[in-house]
Amino acid sequence: MMPIPLPIPSSAGPWTVPGAPLLPRLELEPTMSREGVFDGAWWPRSNQVLAELPDLITALGAHYGRIVRVGLDTSAWDGVPRSVAANGVVIRINWFPGSDATISVTRGLQDHFLLLVVPPGTAPATAASAMAGASATGNHTPAAELLLG
């Protein structure tokens, strides 16, 4: 039996166990008050929507309930399909232009949540700051400003 590697206390950022699935890097506004611009932030590891979106939908479903639709800007992603399967359910993907720093998630018929999308190659400190800002209750800072660090 191989020992599980332990994190090095001085290392920056999250650590992973080789071969284990990666959890989405996601931070949500804790009260669900809907008072701010964003309801949280997501920091995908790549621009591959088929690799990233199912895990995000699973995590959001655990917090928000059943997700029925996702809206994103196709220019920010590689190979965007019309739908994606997550947990055995097909989720429709809507395309909209000009907002590569956000993703819209819908549960039910008209209940929309807006997440800041931190670009995959963002430095960890900048990503952490942007995610904290977007998940703060009553946040009103624009996406471009949050992503500056």
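In what follows, residues are counted from 1 in the order of the sequence shown.
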K.L.:
Following the transitive rule for hydrophobic clusters with a side-chain heavy-atom cut-off under 4.5 Å over Ile, Leu, Val, Met, Phe, Trp and Tyr, establish whether L60 and V89 coincide in one cluster.
P.N.:
yes

K.L.:
Under 4.5 Å between side-chain heavy atoms, counting indirect links through other Ile/Leu/Val/Met/Phe/Trp/Tyr residues: same cluster for V49 and L26 or not?
P.N.:
yes

K.L.:
I'd like to know whether I93 forms a side-chain contact (heavy atoms from CB on, under 4.5 Å) with V80, so could you lay out the CA-CA distance, the side-chain angles of the two residues, the decisive distance to 0.1 Å, and finally the verdict.
P.N.:
CA-CA 8 Å; I93 299 177; V80 179; 3.9 Å; yes

K.L.:
Can a side-chain donor-acceptor contact be found between S75 and D73 if the only test is distance below 3.5 angstrom?
P.N.:
yes

K.L.:
Got V84 and P54 here, is their nearest side-chain heavy-atom distance under 4.5 Å?
P.N.:
yes

K.L.:
Side chains of T137 and E29: donor-acceptor distance under 3.5 Å anywhere?
P.N.:
yes

K.L.:
Has the side chain of D39 got a donor or acceptor atom that lies under 3.5 Å from a matching backbone atom of L114?
P.N.:
yes

K.L.:
Is the closest side-chain heavy-atom distance between V118 and L147 below 4.5 Å?
P.N.:
yes

K.L.:
Hey, could you give me the CZ/OG distance between R92 and S83, rounded to the nearest 0.5 Å?
P.N.:
9.5 Å

K.L.:
Determine the minimum heavy-atom distance between P81 and G79, stating which atoms define it.
P.N.:
CD-O, 3.2 Å

K.L.:
Do I57 and V70 make a side-chain contact, defined as non-hydrogen atoms from C-beta onward lying under 4.5 Å apart?
P.N.:
yes

K.L.:
Once rounded to the nearest 0.5 Å, what's the spacing between atom OG of S135 and atom CG of L146?
P.N.:
9.5 Å

K.L.:
Any side-chain to backbone donor/acceptor pair from W42 onto L56? Under 3.5 Å, distance only.
P.N.:
no

K.L.:
Is there a path of hydrophobic side-chain contacts, each under 4.5 Å between heavy atoms of I/L/V/M/F/W/Y residues, joining F113 to F96?
P.N.:
no

K.L.:
Is the shortest heavy-atom distance from the side chain of L72 to the side chain of W77 under 4.5 Å?
P.N.:
yes

K.L.:
Would a distance-only check, ignoring hydrogens and angles, find a side-chain to backbone donor-acceptor pair under 3.5 Å from R25 to P44?
P.N.:
yes

K.L.:
Is R34 salt-bridged to D111, going by a charged N under 4.0 Å from an acidic O?
P.N.:
yes

K.L.:
Answer with yes or no whether the side chains of E52 and S46 bring together a donor and an acceptor at under 3.5 Å.
P.N.:
yes

K.L.:
For a 4.5 angstrom cut-off between non-hydrogen side-chain atoms, does R107 reach V68?
P.N.:
no

K.L.:
Indicate if L53 and W95 have the same hydrophobic cluster label, given that clusters are the connected sets of ILVMFWY residues with side-chain heavy-atom separations under 4.5 angstrom.
P.N.:
yes

K.L.:
Is there a side-chain contact between H63 and M32 (heavy atoms, below 4.5 Å)?
P.N.:
yes

K.L.:
For a quick test of reading the model, state the closest non-hydrogen atom pair linking A143 to L116 and the distance between them.
P.N.:
CB-CD1, 3.5 Å

K.L.:
How many angstroms lie between atom CG of N94 and atom CZ of R69, to the nearest 0.5 angstrom?
P.N.:
5.5 Å

K.L.:
Is the side chain of D78 donor-acceptor paired with the backbone N or O of Q48 at a distance under 3.5 Å, no angle test?
P.N.:
no

K.L.:
Please report the shortest heavy-atom distance between T122 and A127, naming the atom on each side.
P.N.:
CG2-N, 3.7 Å

K.L.:
State the CZ-OG1 distance between R66 and T106, to the nearest 0.5 angstrom.
P.N.:
12.0 Å

K.L.:
Checking N87 side chain against T58 main chain: does a donor-acceptor pair fall under 3.5 Å?
P.N.:
no

K.L.:
Could you tell me if the side chain of F38 sits less than 4.5 Å from the side chain of T102, heavy atoms only?
P.N.:
yes

K.L.:
So P120 and R45, do their side chains get closer than 4.5 Å, heavy atoms only?
P.N.:
no

K.L.:
Looking at CE of M131 and CG of L115, how far apart are the two atoms once the value is rounded to the nearest 0.5 Å?
P.N.:
9.5 Å

K.L.:
May I ask you to decide if T126's main-chain N or O and S129's side chain share a donor-acceptor pair within less than 3.5 Å?
P.N.:
no

